[in-house]
Amino acid sequence: MSNRAIYPGTFDPITNGHIDIVARASKIFDHVIVAVAASTSKNTAFSTDERVQFARETLSQYTNVEVQRFEGLLANFVRQWGANAVLRGLRAVSDFEYEFQLAGMNKHLVPEADTIFMPTRENYSYISSSLIREIASLGGDVSEFVHPIVRDALAERFSSRHQKK
Ligand code: COA
């Protein structure tokens with residue numbers, strides 16, 4: 001049986017922290033599916049298509065990784081793709097309570113899959129997509145934290161704002 005993991009998230013946008021998790025997971029699992037949430041309570045800066053495109057472009061070197069959008073319940077997507085694992089990155093202890101709840105509920109909804117937690121690499125433990133967006137929107141340098149494709153997209157997205165100043 002091959003091990004297939006789903007790595008879900010909003011990825012608004014994908015950061016080097018996410019990429020690091022995928023890179024490490026691609027060595028452990030036979031197949032990793034990065035699942036980009038289309039419907040999210042978050043007010044996203046980038047459309048689902050853009051978020052999928054950034055993930056595809058930045059992860060293209062990993063041959064056993066694919067990027068798909070998903071709508072609705074994660075559990076349904078996990079079942080649809082025949083995955084046996086849900087992969088989640090943990091950045092800090094504060095992430096744990098919510099993640100534990102999510103893992104428990106997903107286990108209830110799709111018993112054939114287990115949640116696997118992977119610690120985020122230390123130098124990415126304090127970043128999040130919203131922090132990256134905030135820094136970029138204020139003209140800060142985010143090149144240490146995102147792929148050049150994403151850095152340029154952020155710069156373009158927020159350039160009109162800077163010009164208005
Ligand atoms: N490096 C850097 N940042 C990271 C990271 C890492 N390794 N891992 C997570 N983050 C950041 C994310 O960028 C995100 O930042 P933001 O809050 O500024 O956007 C934050 O940490 C939280 O990430 P995450 O917990 O993955 O949340 P998410 O919004 O990206 O994804 C879903 C949550 C989509 C997986 C979850 O809501 C879901 O499953 N939704 C589907 C509906 C469903 O099934 N609901 C029932 C669940 S039982």
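Each ligand, and each atom within it, is numbered from 1 in the order the structure gives.
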When you measure from the side chain of Asn64 to the backbone of Ser26, do you find a donor-acceptor pair of N or O atoms at a distance under 3.5 Å?
yes
Would you call Val32 and Leu59 a side-chain contact if the rule is heavy atoms closer than 4.5 Å?
no
Which pairs pass ring-ring contact (aromatic ring centres under 6.0 Å, His included) with one or both residues in residues 73-92, sequence neighbours excluded?
Phe70-Phe77, Phe77-Trp81
Which heavy-atom pair separates Asp12 from Arg133 by the least distance, and what is that distance?
O-NH1, 2.5 Å
Output for ligand 1, non-hydrogen cut-off under 4.0 Å, lists Pro8, Gly9, Thr10, Thr15, Gly17, His18, Ile21, Ala37, Lys42, Phe70, Gly72, Leu73, Leu74, Arg88, Arg91, Tyr98, Glu99, Leu102, Met105, Asn106, Thr120, Ile127, Ser128, Ser129, Ser130
Under a side-chain separation threshold of 4.5 Å, the hydrophobic residues clustered together with Leu90 are Phe96, Phe100, Phe117
Give every donor-acceptor pair under 3.5 Å between a side-chain atom in residues 146-153 and any protein atom, sequence neighbours left out.
| unit_1 | atom_1 | unit_2 | atom_2 | d |
| --- | --- | --- | --- | --- |
| His147 | ND1 | Ile149 | N | 3.1 |

